[in-house]
Amino acid sequence: MDDILGDGGILKEVVQPGEGPPIPLNASLIFHYSAFLEYSDHPFETNIHNKYPPIMKLGRDVTLAGLELGLMTMKKGEFSRFLFHPQYAYGEMGCPPFIPAAATILYEVHIIDYLDSGQVDDFIAMDPEGQNNVSLATLLEVVNTLRSFGNRCFYQSRYDSAKDRYKQAVMLLGNRETQYEPEKEKIKTALLPLYLNLSLTELRLDSPHKALKYGNKALEIDSANTKALFRCGQAYMELHDYVSAQEYLLTAQAKKPFDSDINNLLRKVTIHFHLLDATKTA
């Protein structure tokens with residue numbers, strides 16, 4: 001094992017190399033881990049059974065000093081083992097009754113993904129004038145990180161958290177003051193996927209009126225966007241406005257005639273429309 005600090009306190013063995021740069025300071029991580037007492041075959045703590053482990057932020061959620069230092073030597077996709085001597089683990093006192101005094105701890109860690117949330121924190125800490133003086137490229141990086149956070153939350157079915165991330169990104173883009181048309185176009189381009197994500201998230205939260213609002217905001221940017229048309233069709237379907245749903249979905253179908261999602265939803269809308277019409281006639 002490699003001595004990563006030079007004092008013998010943290011030893012590391014890379015089992016599966018990762019890719020890209022090492023994890024930065026203040027990043028937010030998604031990783032699986034198992035913690036063992038030295039020479040033990042069974043972990044005293046693990047999250048490997050969680051399909052979606054929670055996002056953990058360095059400097060806040062990772063409380064073991066050695067683990068935090070070890071994580072910052074890792075890369076995306078990497079699987080490594082760490083041996084932490086007591087001064088980098090639970091100290092001379094341990095943590096009774098589970099961790100004995102002066103215990104050496106073995107951690108197995110697999111990095112699934114990480115996000116450079118430190119850059120987001122620094123940007124949000126600025127006042128509005130400071131944010132506006134930062135380059136557009138930096139703002140777009142921050143927005144992309146927030147959207148990635150939102151996507152992670154969405155895939156974990158944490159829809160309220162996902163919505164908060166998307167709305168924060170929309171707000172930062174909306175606060176940008178610029179007179180340059182190329183910048184305005186880049187901001188619109190960045191807003192489009194956020195509005196689409198918000199529309200889908202509101203559908204998951206059973207808020208079709210809000211889903212429709214964000215779907216139409218996306219269409220204001222790109223009137224031919226089939227995802228936006230489809231989202232509006234979904235929202236109108238949930239609102240039982242089958243005529244409007246059919247209108248949006250037919251427009252989407254004309255652009256993507258072989259899209260199975262569009263065709264399947266259009267079929268459902270048509271059935272509901274005819275059933276409603278038959279009920280009225282009767």
Side-chain angles (χ1 to χ4, degrees), residues 1-91 94-95 98-100 102-122 141-158 161-162 165 193 197:
M1 301 181 86
D2 296 324
D3 183 355
I4 67 172
L5 294 180
D7 63 358
I10 303 177
L11 304 180
K12 177 182 178 181
E13 176 191 9
V14 178
V15 179
Q16 174 185 301
E19 57 184 17
I23 293 167
L25 184 68
N26 296 324
S28 293
L29 317 177
I30 303 168
F31 64 99
H32 281 127
Y33 69 88
S34 295
F36 303 80
L37 295 174
E38 193 176 17
Y39 307 121
S40 173
D41 294 328
H42 302 287
F44 63 83
E45 184 180 12
T46 183
N47 73 348
I48 63 171
H49 303 298
N50 296 342
K51 183 178 180 182
Y52 301 117
I55 299 171
M56 299 182 72
K57 184 172 175 59
L58 292 177
R60 185 186 69 195
D61 303 320
V62 180
T63 56
L64 202 69
L67 180 58
E68 184 161 31
L69 292 168
L71 287 168
M72 287 190 288
T73 70
M74 299 185 73
K75 301 177 180 180
K76 181 179 177 180
E78 180 180 328
F79 177 78
S80 289
R81 293 190 180 96
F82 294 94
L83 201 61
F84 301 123
H85 285 253
Q87 67 268 33
Y88 292 103
Y90 295 94
C95 189
F98 302 108
I99 313 296
T104 297
I105 305 296
L106 174 71
Y107 261 82
E108 294 182 341
V109 181
H110 178 210
I111 302 295
I112 301 170
D113 202 359
Y114 71 86
L115 298 163
D116 188 359
S117 54
Q119 184 185 35
V120 175
D121 295 339
D122 291 342
E141 287 177 7
V142 168
V143 164
N144 188 55
T145 299
L146 285 169
R147 185 159 68 92
S148 296
F149 263 112
N151 291 346
R152 281 291 179 183
C153 293
F154 183 90
Y155 295 137
Q156 295 175 11
S157 300
R158 295 163 52 205
S161 295
R165 298 290 186 175
N197 289 355

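Sequential numbering from 1 along the given sequence is applied to the chain's residues. Values below: all heavy atoms of this structure, side chains included; hydrogens, waters and symmetry mates excluded.
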**Student:** Quick check: do L71 and I111 have side-chain heavy atoms less than 4.5 Å from each other?
**Tutor:** yes

**Student:** Any chance CZ of F98 has more than 12 other-residue heavy atoms, nucleotides or ligands included, within less than 6.0 Å?
**Tutor:**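 Counting neighbours around CZ of F98, 12 or fewer heavy atoms of other residues, nucleotides or ligands fall under 6.0 Å, so no.
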
**Student:** Go through the structure and list residues passing side chain to side chain contact (heavy atoms under 4.5 Å, CB included) with L5, not counting sequence neighbours.
**Tutor:** D7, I10, L69, Y88

**Student:** Would the distance check show the side chain of K57 and the main-chain N or O of N26 forming a donor-acceptor pair, the cut-off being under 3.5 Å?
**Tutor:**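 Flag set: sc K57 to bb N26 pair under 3.5 Å.
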
**Student:** Closer than 3.5 angstrom, by distance alone: can the side chain of Q16 be matched with the main-chain N or O of G77 as a donor-acceptor pair?
**Tutor:** yes

**Student:** How long is the span from the CD1 atom in I99 to the OG1 atom in T104, to the nearest 0.5 Å?
**Tutor:**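 It is 11.5 Å, given to the nearest 0.5 Å.
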
**Student:** Is the closest side-chain heavy-atom distance between Y107 and E45 below 4.5 Å?
**Tutor:** yes

**Student:** Can you tell me how far the CD1 atom of I55 sits from the CZ atom of R158, to the nearest 0.5 Å?
**Tutor:** 5.5 Å

**Student:** Do L115 and V120 have side chains that get closer than 4.5 Å, going by heavy atoms?
**Tutor:**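 No, too far: nothing below the 4.5 Å cut-off.
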
**Student:** Determine, step by step, whether I105 and L37 satisfy the side chain to side chain contact (heavy atoms under 4.5 Å, CB included) criterion, reporting the C-alpha distance in whole Å, the side-chain angles of both residues, the deciding distance to 0.1 Å, and the verdict.
**Tutor:** CA-CA 5 Å; I105 305 296; L37 295 174; 3.7 Å; yes

**Student:** Drop me the distance from R165's CZ to R147's CZ, to the nearest 0.5 angstrom.
**Tutor:**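 It comes to 14.5 Å.
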
**Student:** Determine whether H32 and F79 satisfy the following criterion, side chain to side chain contact (heavy atoms under 4.5 Å, CB included), listing intermediate values before the conclusion.
**Tutor:** CA-CA 9 Å; H32 281 127; F79 177 78; over 6 Å; no

**Student:** On a heavy-atom basis, which atom in S34 and which in P43 lie closest, and how many Å separate them?
**Tutor:**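 The pair with the smallest heavy-atom distance is CB-CB, 4.2 Å.
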
**Student:** Taking side chain to side chain contact (heavy atoms under 4.5 Å, CB included) as the criterion, tell me which of L83, T73, D3, V109 meets it with K12.
**Tutor:**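 Among the candidates, only T73 passes.
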
**Student:** To the nearest 0.5 Å, how far apart are CD1 in I30 and NE2 in H110?
**Tutor:**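 Nearest 0.5 Å value for the CD1-NE2 distance: 12.0 Å.
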
**Student:** Which heavy atom of L58 sits nearest to which heavy atom of P24, and what is that distance?
**Tutor:** CD1-O, 3.6 Å

**Student:** How many angstroms lie between OG in S161 and CZ in R152, if you round to the nearest 0.5 Å?
**Tutor:**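 CZ of R152 is found 14.5 Å from OG of S161.
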
**Student:** Provide the closest heavy-atom pair for Y114 versus P21 in the form atom of the first, atom of the second, distance.
**Tutor:** OH-O, 3.2 Å

**Student:** Any Lys/Arg nitrogen of K75 or E19 sitting under 4.0 Å from an Asp/Glu carboxylate oxygen of the other?
**Tutor:** no

**Student:** So which atom in P53 and which in Q156 form the shortest heavy-atom distance, rounded to 0.1 Å?
**Tutor:**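 That closest heavy-atom pairing would be O-NE2, 3.5 Å.
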
**Student:** Which heavy-atom pair separates I4 from G70 by the least distance, and what is that distance?
**Tutor:**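 The answer is CD1-CA, 4.2 Å.
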
**Student:** If the plane angle is over 60° it's perpendicular, under 30° parallel, otherwise tilted; pick one for F82 and F84.
**Tutor:** parallel

**Student:** Output the distance between atom CG (D116) and atom OG (S28), rounded to the nearest 0.5 Å.
**Tutor:**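 Result: 9.0 Å between the selected atoms.
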
**Student:** State, to 0.1 Å, how close L64 and Y90 come at their nearest heavy-atom pair, and which atoms those are.
**Tutor:**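 Scanning both residues, the minimum pair turns out to be CD1-CZ, 3.8 Å.
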
